[in-house]
2 protein chains.
Amino acid sequence: MHELSPPPDDPKAVCPINTLMSVLSGPWTLYLLWVLSTKGPQRFGELRRQINGISTKVLTERLRMLEAEGIAYRDYKPTIPPEVTYGLTARGGELMEILDQLASLANRWYGEAPSNEGDRQRG
Amino acid sequence: MHELSPPPDDPKAVCPINTLMSVLSGPWTLYLLWVLSTKGPQRFGELRRQINGISTKVLTERLRMLEAEGIAYRDYKPTIPPEVTYGLTARGGELMEILDQLASLANRWYGEAPSNEGDRQRG
DNA sequence: CAGGATCCATATGGATACTG
DNA sequence: CAGTATCCATATGGATCCTG
C-alpha cells in the first residue's frame, strides 16, 4: 500500500511527504546533508568552505529549515567570537538511510557510481 | 557508506541524486507519481482531472520529465481525437518503493498516517 | 565568526487562448 | 483530446554590505 497520500483539500496543501520533499528540494540541501553526514558535525564557516559557492543566506536558510524539521541540530556557544556547530540528529540519520537508497538508485540509473571512491581530487 | 557524492567540479553540477531529486522537486510531481502509482496508467485528461488545479503546461512538463528519466512511459495513439496514456515504468516502480519509505518516514514524523485509509472523500 | 538586511536577476508556475 | 504558445506574478537564489 502506497503512503503517498493525496492532498486533503488543496492539492498542494500540507502533506507529509510533500513537506519533507520541499525541505530537500532546494539547491545545496542534499549536498549540505551529505557533508554533515559524511564529515560529521561542523561549524558554520567550515560548512560554507566545504560547500564551495553557497551564500551565507542560503546556507543559513537551509540549516534553519533542517533544524526546524528536526533533521539537524544547532549548537550555539555565545563566546566571542561565537561558535556554532551543526550536525545531524537521529532523524537526520534515519533520513540519510533512505536518501542513500535513493542515491544508490540514481547511481545505478545514471551510471556514475562513486560509492566506494569517496570524493575526487577536485572536490 | 554514503553514496551522496559531492559534485565533481561545480557544486551544483550533475550528480545522480541531484538529478533525481530535481525531477521530483517541483510542485505536483509527487502527487502525479502517486496517482500514476496507485490508480494505474491513465490518459492525459484523466490525470488533469485527478490532479485538481494543475495546469496543462505543468502537467505536460512533469510528464515529459518523468518520461525523459525513464520513470514514466507515454503511449501515443494518433487517432482522432488522439489518445495518450501515461503510466509508470519499471524504474518508476523502483522509485516508488523508496518514495514509499520516505512517505512512511514523513508520516511518522509529522503524525498523519493515512497509510491504511487510502484517500479521503475530498481527494 | 556567524549570520542579518538588502537589492537584483532569473527561473518557474498559473492562467488563458489557440490548434491538429 | 492532448497538448503548444504566450504573458505575467511571484518566489527564490546570488552577491554584497554590515554587525554583535
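Only this structure's heavy atoms are used, side chains among them; waters, hydrogens and symmetry mates stay out. Here is how names work: the chains are called A, B, and so on, in the same order as the sequence lines, proteins then strands, and each is numbered from 1.
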[X] side chain to [Y] main-chain N or O, any donor-acceptor pair under 3.5 Å?
X       : Y       : answer
A:Thr85 : A:Gln42 : no
B:Gln50 : B:Arg48 : no
B:Thr19 : B:Cys15 : yes

Sorted by number, the residues of residues 57-66 of chain B with heavy-atom contact under 4.0 Å to DNA chain C: B:Lys57, B:Val58, B:Glu61, B:Arg62
Residue-level proximity of residues 76-89 of chain A to DNA chain C when a heavy atom falls under 4.0 Å: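 Per residue number, the list reads A:Pro81, A:Pro82, A:Val84, A:Tyr86.
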Same apolar cluster (I L V M F W Y, side chains within < 4.5 Å links), A:Leu95/A:Tyr73: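 In one cluster with A:Leu95: A:Tyr73, no.
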side-chain contact (heavy atoms from CB on, under 4.5 Å) between B:Leu66 and B:Leu32, intermediate numbers included: CA-CA 10 Å; B:Leu66 293 177; B:Leu32 169 59; 3.8 Å; yes
Any donor-acceptor N or O pair under 3.5 Å, side chains B:Thr29, B:Arg62: yes
A:Glu46 side chain to A:Tyr86 side chain, donor-acceptor N/O pair below 3.5 angstrom: no
Contact list for residues 83-96 of chain B, test salt bridge (Lys or Arg N to Asp or Glu O under 4.0 Å), sequence neighbours left out: A:Arg108-B:Glu94
Could you tell me how far apart [X] ([atom1]) and [N] ([atom2]) are, to the nearest whole angstrom?
X       : N      : atom1 : atom2 : answer
B:Ile51 : C:dG14 : CD1   : C1'   : 15 Å
A:Asn52 : D:dA15 : CG    : C1'   : 15 Å
A:Arg48 : D:dA15 : CZ    : C1'   : 13 Å
A:Trp28 : D:dT12 : CH2   : P     : 18 Å
B:Ile54 : C:dA15 : CD1   : P     : 11 Å
A:Arg74 : C:dA2  : CZ    : P     : 10 Å

Along DNA chain D (nearest heavy atom to each residue), the more 5'-positioned of B:Arg49 and A:Thr56: B:Arg49
Candidate nucleotides C:dC1, C:dG14, D:dA2, ranked by approach to the side chain of B:Ser55 - the nearest: C:dG14
Nucleotide nearest B:Arg43 when distance is taken to its side chain, options C:dC1, C:dG14, D:dC1: D:dC1
Candidate pair B:Glu61 and B:Lys57, rule side-chain contact (heavy atoms from CB on, under 4.5 Å), full reasoning: CA-CA 6 Å; B:Glu61 283 174 1; B:Lys57 177 188 173 186; 3.4 Å; yes
